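Below is one structure, written out as structure tokens, with a few remarks after it.
Heads up: numbering here begins at 1 and tracks the sequence. Since this is a predicted model, take the numbers as computed values, not measurements. Side chains included, hydrogens not; waters and symmetry mates left out as well; all remaining heavy atoms used.
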Amino acid sequence: MKLSRLLERVTYTRLQGVLDVEVTDVVNDSRKVTRGSLFICIKGAVTDGHQYAADVIKKGASVLVAEDPIDAPAGVTVVYVQDTRMAMALIAAAWYDYPAEKLKVIGITGTKGKTTTTYMVKSILESAGYKVGLIGTIEAIIGDEVIPAGNTTPESLTIQKYFRRMLDAGCQIAVMEVSSQGLMLHRTAGFLFEIGIFTNIEPDHIGPAEHSSFDDYLECKSRLFRQCKVGILNGDDPHLDRILEGHTCSVETYGFNDRADLRAVNAHLVSRPGYLGVSYMLEGMLHFDVEIDIPGKFSVYNSLAAIAICRHFNVSQDEIRKALKGIRVKGRIEMVKVSDQFTLMIDYAHNAMALQSLLTTLKEYHPHRLVCLFGCGGNRARARRFEMGEVSGSLADLTVITSDNPRYEKPEDIMDDIETGVRKTKGSYVRITDRKEAIAYVIHHGEPGDIIVLAGKGHEDYQEIEGKKYPMDERVLIQEILREDAAAGR
């Protein structure tokens, strides 16, 4: 493709060389450069792509896109822009022939609920006969292909590649999680979302490598509503007005309050042995009853968002109800049947805020005991360990401290920190380093009416130790334990 075509929507400040250059590939990783490539110099958290200019020129890159001055021979075209990330998004869209303009793209942002809501939307729309691609925290799904995720919102080159592959696979709709980082770093620039969703916002992702403040976090989230046609937002969130500052879209709201366009009324918890759920009546723009096989008030919010989206695609009430009743999201309050006497679930809650929200929700079901098994990742902030230990000790009847991803730390050292947090409370606890043994312990000691949570790993199917990832899927571990119990006559 000609460089002139790739730059047709890019504003550049100056140019070395000519635009009449044939580009064979577009990359931002110097290791992937081949002869004729266009290389984009991205300033990342760890490395600066400008440092690799000489290297990529030697490899045959014919075009470089840069923010800072580059020493390049006369035969190499250099395009100077104000922001190479923004330029990359626009170039990526052109390289893949603007696939988002041929798809209906749905973007979901918020502190919590993004993952579950994307799967709800995909399930409902597919039950109505649409073919839907997905990009999210757990994976990207394109037709029958499942691609494990690296980031919640991938780089713009990857997003546009996925959109192109979705189109080629016959998809009509793409639903994706949109992180604040993705918005801040222009990963979703270069196209207009059909629908943008706001689930909620709480202080999170604030730190040196993320957002400088909660105000910055809010502002980044709000950008989605200057980049979509229709905005659908949680009308109960206290920061709604801030999220809508400067919005350019039409606005709809959902929630429990009387002013919401789509409302949940008469919500109540549904509980029976081995099962937890929630039901409610829908009012406002639609009227019908809903039951979801995922517990908690936040499940009502997620489903309201999904219903509000699918209303724009003329999905019938029966299709919505059926799809929501059978929804399952890997690692998000994922119930695994092991007994008729108690309930066991897997959830990704891996920080204090998420764990507190989860355990508080589950306590509303008045279990005989609430049992929480978790560990914490190594080489991460130690404060998280103390905080999670204190949360679990305060809310769970029994905390089982175990290993997560120890990375380059000793699991016992991490567990010591968690124990310090638990011991600030009156909660009971046990320590079992091996995660499989810990899971076997909670299964073998489960009592009638218990709710048991395996927290922290969620959808992950590995354990990271000393720089290497070893296979470890809690679903597989549970089945191994049950088979070993059956063989032993338990």
Side-chain angles (χ1 to χ4, degrees), residues 1-44 47-103 105 107 133 135 140 142 151 153-168 174 176 182-193 223 227:
M1 185 180 291
K2 291 289 186 183
L3 175 60
S4 54
R5 160 81 166 150
L6 292 173
L7 296 179
E8 63 187 4
R9 298 185 185 180
V10 178
T11 299
Y12 49 93
T13 57
R14 61 193 178 93
L15 178 74
Q16 171 188 308
V18 297
L19 296 179
D20 189 27
V21 178
E22 191 70 30
V23 172
T24 59
D25 199 4
V26 175
V27 296
N28 67 325
D29 184 338
S30 61
R31 295 166 297 184
K32 297 180 180 178
V33 169
T34 56
R35 184 159 299 280
S37 293
L38 179 153
F39 177 71
I40 305 169
C41 303
I42 298 295
K43 293 182 179 181
T47 60
D48 182 348
H50 293 78
Q51 298 173 354
Y52 300 97
D55 180 47
V56 300
I57 290 169
K58 285 181 183 177
K59 289 182 176 179
S62 58
V63 180
L64 280 75
V65 178
E67 295 177 20
D68 298 337
I70 283 174
D71 185 14
V76 175
T77 296
V78 184
V79 181
Y80 290 101
V81 297
Q82 187 172 359
D83 187 327
T84 50
R85 285 190 176 277
M86 176 61 82
M88 180 166 69
L90 299 173
I91 291 167
W95 178 251
Y96 290 103
D97 195 23
Y98 304 104
E101 296 180 2
K102 304 172 186 71
L103 288 165
V105 183
I135 302 172
I142 304 171
N151 296 311
T153 307
E155 289 287 4
S156 55
L157 275 169
T158 303
I159 290 174
Q160 295 293 340
K161 177 174 70 175
Y162 287 169
F163 285 165
R164 169 48 54 192
R165 290 174 62 183
M166 287 176 189
L167 269 182
D168 293 344
M176 65 179 293
L183 289 160
M184 180 176 71
L185 299 175
H186 306 306
R187 292 173 183 167
T188 59
F191 65 93
L192 188 66
F193 288 91
R223 295 179 189 183
Q227 195 189 335

Kindly write out the residues that satisfy salt bridge (charged side-chain N to carboxylate O under 4.0 Å, His left out) with [X], not counting sequence neighbours, or none if the list is empty.
X: Arg31; value: Asp29
X: Asp168; value: Arg164
X: Asp83; value: none
X: Asp55; value: Lys59

Can you name the nearest heavy-atom pair linking [X] to [Y], along with the distance?
X: Val81; Y: Ala87; answer: CG2-CB, 3.9 Å
X: Pro154; Y: Ile159; answer: O-CD1, 3.3 Å
X: Ser62; Y: Gly36; answer: OG-O, 3.3 Å
X: Val76; Y: Gln16; answer: O-NE2, 3.0 Å
X: Thr47; Y: Tyr52; answer: CG2-OH, 3.9 Å
X: Val26; Y: Val23; answer: CG2-CG1, 4.2 Å

Spacing of [X] atom [atom1] and [Y] atom [atom2] [to the nearest 0.5 Å]:
X: Leu90; Y: Ser156; atom1: CG; atom2: OG; answer: 8.5 Å
X: Leu38; Y: Thr77; atom1: CG; atom2: OG1; answer: 9.5 Å
X: Leu15; Y: Tyr80; atom1: CG; atom2: OH; answer: 10.0 Å
X: Lys161; Y: Ile142; atom1: NZ; atom2: CD1; answer: 8.5 Å
X: Glu101; Y: Leu167; atom1: CD; atom2: CG; answer: 11.0 Å
X: Met176; Y: Leu103; atom1: CE; atom2: CG; answer: 11.5 Å

message: With a 4.0 Å cut-off on N to O distance, would you call Arg35 and Glu22 a salt bridge?
response: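 No.
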Within the 4.5 Å heavy-atom criterion, are [X] and [Y] side-chain neighbours or not?
X: Met166; Y: Ile135; value: yes
X: Leu7; Y: Val79; value: yes
X: Phe39; Y: Asp25; value: no
X: Leu157; Y: Met88; value: yes
X: Lys2; Y: Asp20; value: yes

field: Chi angles and distances behind the side-chain contact (heavy atoms from CB on, under 4.5 Å) call for Arg5, Asp97
entry: CA-CA 10 Å; Arg5 160 81 166 150; Asp97 195 23; 2.9 Å; yes
message: Keeping Arg187 on the side-chain end and Thr153 on the backbone end, is there a donor-acceptor pair under 3.5 Å?
response: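 Checked: pair present.
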query: Sub-3.5 Å donor-acceptor pair from the side chain of Gln160 to the main-chain atoms of Ile91, do we have one?
result: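 No; zero donor-acceptor contacts below 3.5 Å.
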- request: Just jot down the side chain to side chain donor-acceptor pair (under 3.5 Å) partners of Ser30, sequence neighbours excluded, or say none.
  value: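 Scan of Ser30 (side chain to side chain donor-acceptor pair (under 3.5 Å), adjacent residues dropped) gives none.
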Quick one: side chains of residues 64-72, donor-acceptor pairs under 3.5 Å with protein atoms, not counting sequence neighbours, listed by atom name and distance.
{"residue": "Glu67", "atom": "OE2", "partner": "Thr84", "partner atom": "N", "Å": "3.0"}
{"residue": "Glu67", "atom": "OE2", "partner": "Thr84", "partner atom": "OG1", "Å": "3.0"}
{"residue": "Asp68", "atom": "OD1", "partner": "Lys43", "partner atom": "NZ", "Å": "3.3"}
{"residue": "Asp68", "atom": "OD2", "partner": "Lys43", "partner atom": "NZ", "Å": "2.8"}

query: When the ring centroid of Phe191 is compared with that of Phe163, is the distance short of 6.0 Å?
result: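 Phe191 vs Phe163: aromatic centres under 6.0 Å.
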query: How about Tyr96 and Tyr98: are their ring centres within less than 6.0 Å of each other?
result: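 No, the ring of Tyr96 stays outside the 6.0 Å limit from the ring of Tyr98, centre to centre.
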query: Going through the checks in order, is the side-chain contact (heavy atoms from CB on, under 4.5 Å) test met by Arg85 and Ile42?
result: CA-CA 7 Å; Arg85 285 190 176 277; Ile42 298 295; 3.3 Å; yes
